[in-house]
There are 2 protein chains.
Amino acid sequence: MSGTHQDTGDRAVVLVDEDARAWRPATARSRFREGLTGPTAGVAAGHTQVNLISVPADWAYEMLLFCTRNPKPCPVLDVTDAGAWTTVLADGADLRTDLPRYRVWRDGELVEEPTDVRAHWRDDLVTFLIGCSFTFEWALSRAGVPIRHVEQGRNVPMYVTGRPCRPAGRLRGPTVVPMRPVPPRYLSAAIRETALLPAVHGGPVHCGDPSALGIADLSRPDFGDAVEPEPDDIPVFWACGVTPQAVVMASRPPFALTHAPGQMFITDERDERYRVV
Amino acid sequence: MSGTHQDTGDRAVVLVDEDARAWRPATARSRFREGLTGPTAGVAAGHTQVNLISVPADWAYEMLLFCTRNPKPCPVLDVTDAGAWTTVLADGADLRTDLPRYRVWRDGELVEEPTDVRAHWRDDLVTFLIGCSFTFEWALSRAGVPIRHVEQGRNVPMYVTGRPCRPAGRLRGPTVVPMRPVPPRYLSAAIRETALLPAVHGGPVHCGDPSALGIADLSRPDFGDAVEPEPDDIPVFWACGVTPQAVVMASRPPFALTHAPGQMFITDERDERYRVV
């Protein structure tokens, strides 16, 4: 990570070195604030990473209601007051600068991918920090489940499904899911370990045939990188915190900021905090 | 239950008979719609009971944010659109009539406890259905944990604590907790079984000395009935869905409707649905 990775946008190649795994969250945030970019899988291992979406205050109720009605893709870990760029989840963090890369959305169109959004900030922005499936990778690893995309130095592949979320006011859109290939002997552990983390998407929404979710081709993800399964691996799909970005595209609010897929905000919280037992 | 109980307000004595335990949720709702009142612990056993609070639309965002920021006392299971009295959690239900007893609040003062709120209904009311610790009593029972207040035919005792919730806009207030005396040999099971149900308050907030929560006297609950512990029982405190009523009292919104403590709305959902594994 530390300056050695190549960033090619969505298809960024992450090279997480041992340094980046061992970073404290504040160190990771300051590196990103200084301009380092790239996927965050494995960075500051054991600390909770979150999805970010900021919307104008007159869309905040619908966003929060949308998240409440769709808790698997959108588990809310914090909501800021309007205009605030701080969060209880990360001491001293600045939500405008401390992510590796952002996306700026106007009328549902992606218009820019800056590494800093101070120039785009508005006093009426309410920011939602939403649980991320990267968090449960520590639990999968501890249970012995191989994480193929980390092994292969790639961003997790994510797919737009044919399953609509439950709408809230003007907000609607499909569920987005990451896929992790899981060897059959680890399937039960993968389901159990993630189910114990409901604040970060919980258990899978589907295992097996991708066409059941309306996914035509696993080799062509909508976000992130394709991953190579081993021969007997079963594709396992969780709900994904990129769902709000699909909702922005479908619902076209006049303005929104998000993180770039796979390039998350790293909090001070320990993943263990979100495990129910 | 079926007409045989005495209702004396907060100190209502519930006599749950086997009939009421076996009722289908729709049967329970129709009995309450016809005028039956009283605590609902044990009624339609195995089906999810919820707390209700309705606030005017201009308070809905702060209410939803309050719940999001305080998920242990206020886990939201559904939010209606403004003015709607239906919910996805209960087919054919009418939220204005189907609870045993309601409370009507004006400027934070309890002004009436009717069995039907059609006369008080407003087109701008947004209704929040919030998980209830009655739900996890099936899990406790199945694990062999005795439920003292049910054994004693009483409403669960609830206490206003000295622990403030995290505020949201104009809304603030203390955490309210029910107490269940648990024999030491069942303490571990009681913690584990409830932790697996995060959508209905999850694991305890405290075990043991009530003064740690600022509770002076267990024999004088703020809501519900005092319960007699057995000699070695440990008092165990969970977060409570009556918290929004304490918030109404502290924050004084111009108008609110709630259920009467212990007299819940019975949904069609099975408690099992909310267990994470």
Side-chain angles (χ1 to χ4, degrees), chain A residues 55-72 74-82 84 87-89 124 126-131 136 139 143 166-171 188-204 272-277, chain B residues 55-72 74-82 84 87-89 124 126-131 136 139 143 166-171 188-204 272-277:
Chain A
V55 296
D58 64 332
W59 288 73
Y61 180 65
E62 284 151 294
M63 190 69 221
L64 188 52
L65 187 60
F66 186 90
C67 293
T68 302
R69 287 179 173 173
N70 298 281
K72 286 205 95 161
C74 305
V76 178
L77 303 191
D78 194 29
V79 183
T80 69
D81 291 322
T87 167
V88 294
L89 300 177
D124 67 341
V126 176
T127 300
F128 296 77
L129 299 177
I130 292 173
F136 60 54
R166 192 175 157 205
R170 293 167 287 179
L171 294 177
S188 152
I191 293 170
R192 183 189 62 241
E193 292 300 315
T194 55
L196 292 173
L197 291 158
V200 290
H201 305 305
E272 287 281 357
R273 170 188 163 177
Y274 295 107
R275 190 177 158 105
V276 298
V277 288
Chain B
V55 294
D58 64 333
W59 288 73
Y61 178 66
E62 284 151 293
M63 189 71 222
L64 188 52
L65 187 60
F66 186 90
C67 293
T68 301
R69 288 179 172 174
N70 298 283
K72 286 205 94 162
C74 305
V76 178
L77 303 189
D78 194 30
V79 182
T80 68
D81 290 323
T87 168
V88 294
L89 301 177
D124 68 343
V126 175
T127 299
F128 296 78
L129 299 177
I130 292 173
F136 60 53
R166 193 176 156 206
R170 294 167 287 180
L171 293 177
S188 154
I191 292 170
R192 183 188 64 242
E193 292 301 315
T194 55
L196 292 172
L197 291 158
V200 292
H201 306 302
E272 288 280 356
R273 169 186 164 180
Y274 294 107
R275 191 178 158 106
V276 296
V277 287

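A, B, ... follow the sequence lines: proteins, then strands. Residue 1 opens every chain. None of these values were measured; they are calculated from a predicted model.
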Side chains of [X] and [Y]: closer than 4.5 Å at any heavy-atom pair?
{"X": "Val276(A)", "Y": "Leu197(B)", "answer": "no"}
{"X": "Val88(A)", "Y": "Arg166(B)", "answer": "yes"}
{"X": "Thr68(B)", "Y": "Phe128(A)", "answer": "no"}

Legend entry - Least distance between heavy atoms, Asp81(B) atom then Arg69(A) atom: OD1-NH2, 3.2 Å
Inset, instruction - Among Asp78(B), Leu64(B), Leu77(B), single out the residue with the greatest number of heavy-atom pairs under 4.5 Å to chain A. - result: Leu64(B)
Legend entry - chain B contact via Ala60(A) - which portion, at a heavy-atom distance below 4.5 Å: both
